Amino acid sequence: MYSLKTLKNKLNCKRRKGFTLIEIMVACAIIIALSVGAFFGYSQAQQSRKMAQMRQDMEAICTAALAYEAMSLDSNPPADMAALMSGLAADKAVDGTAHTFLTQTKGSTVSADNILDPWGTAYTYSQADRTVKCTPKDASGTAMTAVVRSF
């Protein structure tokens, strides 16, 4: 017969003192799977954010073009985006007052270098067609179907 002390010593010797290779591999596989899922989820969120920003910018450009048209003595939309940024002089406006139209996009003051879409290319503005067009890109940088907004 063994004494109680001897039994405890034998049990303590048989206790594991670390992890097996299988346990470590399973833990690594779980961590890798979660990381890949998080990466693709983040990519999707970024793409959704860019698409929403593009729609918001296009809406702002169209609204500015309609306001320009309504306030202009010529009753025509502006010839280009630069006219939206510079606005109407007092002698060109129906009420004799100078007006600015496209003053903010992306939460900042508009200038020639920040009227770009979220992918870094310029919006296509057409006075004749009364449209604003943008060609979004997917996560790999490949062009998607163009989005056209009429005003």
Side-chain angles (χ1 to χ4, degrees), residues 2 4-72 76-89 93 97-151:
Y2 293 110
L4 186 58
K5 189 174 183 180
T6 308
L7 281 173
K8 281 185 179 180
N9 285 341
K10 285 192 179 258
L11 288 174
N12 284 340
C13 289
K14 293 193 179 197
R15 282 196 187 151
R16 295 188 324 189
K17 298 197 187 249
F19 298 103
T20 65
L21 182 60
I22 299 289
E23 290 171 330
I24 292 172
M25 289 175 60
V26 167
C28 287
I30 290 170
I31 290 170
I32 290 169
L34 290 173
S35 297
V36 167
F39 173 76
F40 285 114
Y42 179 75
S43 295
Q44 275 300 107
Q46 286 292 89
Q47 186 68 11
S48 296
R49 182 194 58 79
K50 286 180 179 182
M51 293 295 283
Q53 183 65 54
M54 176 199 66
R55 286 187 194 96
Q56 184 179 357
D57 289 349
M58 291 175 74
E59 184 66 30
I61 293 167
C62 291
T63 301
L66 289 171
Y68 183 104
E69 181 180 23
M71 297 304 298
S72 172
N76 290 324
D80 53 27
M81 296 255 277
L84 287 176
M85 290 186 272
S86 61
L88 275 171
T97 306
H99 294 278
T100 56
F101 298 99
L102 193 58
T103 56
Q104 290 209 325
T105 61
K106 299 178 186 71
S108 61
T109 304
V110 168
S111 65
D113 60 340
N114 70 352
I115 198 68
L116 302 175
D117 66 23
W119 297 274
T121 56
Y123 290 100
T124 305
Y125 173 87
S126 173
Q127 176 190 32
D129 296 337
R130 298 176 63 91
T131 60
V132 177
K133 184 169 100 172
C134 178
T135 305
K137 296 178 183 164
D138 63 14
S140 66
T142 306
M144 296 167 48
T145 304
V147 177
V148 179
R149 170 80 166 80
S150 300
F151 58 90

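These numbers were taken from a predicted model, which means no experiment stands behind them.
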Any side-chain heavy-atom pair from [X] and [Y] closer than 4.5 angstrom?
X	Y	value
Ile61	Leu84	yes
Thr97	Leu88	no
Tyr68	His99	no
Lys50	Pro136	no
Met85	Phe101	no
Thr124	Cys134	no

State, to 0.1 Å, how close [X] and [Y] come at their nearest heavy-atom pair, and which atoms those are.
X	Y	value
Arg130	Leu66	NH2-CD2, 3.8 Å
Asp80	Ala83	OD1-N, 3.0 Å
Met54	Tyr123	CA-OH, 3.7 Å
Ile24	Phe19	CG1-CB, 3.9 Å

Under 3.5 Å, is there a donor-acceptor pair between the side chain of [X] and the main chain of [Y]?
X	Y	value
Ser86	Ala82	yes
Asp117	Trp119	yes
Ser48	Gln44	yes
Glu23	Thr20	yes

Inset, instruction - Apply side chain to side chain contact (heavy atoms under 4.5 Å, CB included) to Lys137 and Gln47, showing your working. - result: CA-CA 9 Å; Lys137 296 178 183 164; Gln47 186 68 11; over 6 Å; no
Legend entry - More than 12 heavy atoms from other groups under 6.0 Å of NZ on Lys133: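 Counting neighbours around NZ of Lys133, 12 or fewer heavy atoms of other residues, nucleotides or ligands fall under 6.0 Å, so no.
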Legend entry - Qualifying residues under side-chain contact (heavy atoms from CB on, under 4.5 Å), relative to Gln127, sequence neighbours excluded: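 side-chain contact (heavy atoms from CB on, under 4.5 Å) list for Gln127, sorted by chain: Asn76, Pro77, Ala79, Tyr125.
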Could you tabulate the donor-acceptor pairs under 3.5 Å formed by side-chain atoms of residues 143-151, not counting sequence neighbours?
unit_1, atom_1, unit_2, atom_2, d
Arg149, NE, Glu59, OE1, 3.0
Arg149, NH2, Glu59, OE1, 2.6
Arg149, NH2, Glu59, OE2, 3.0

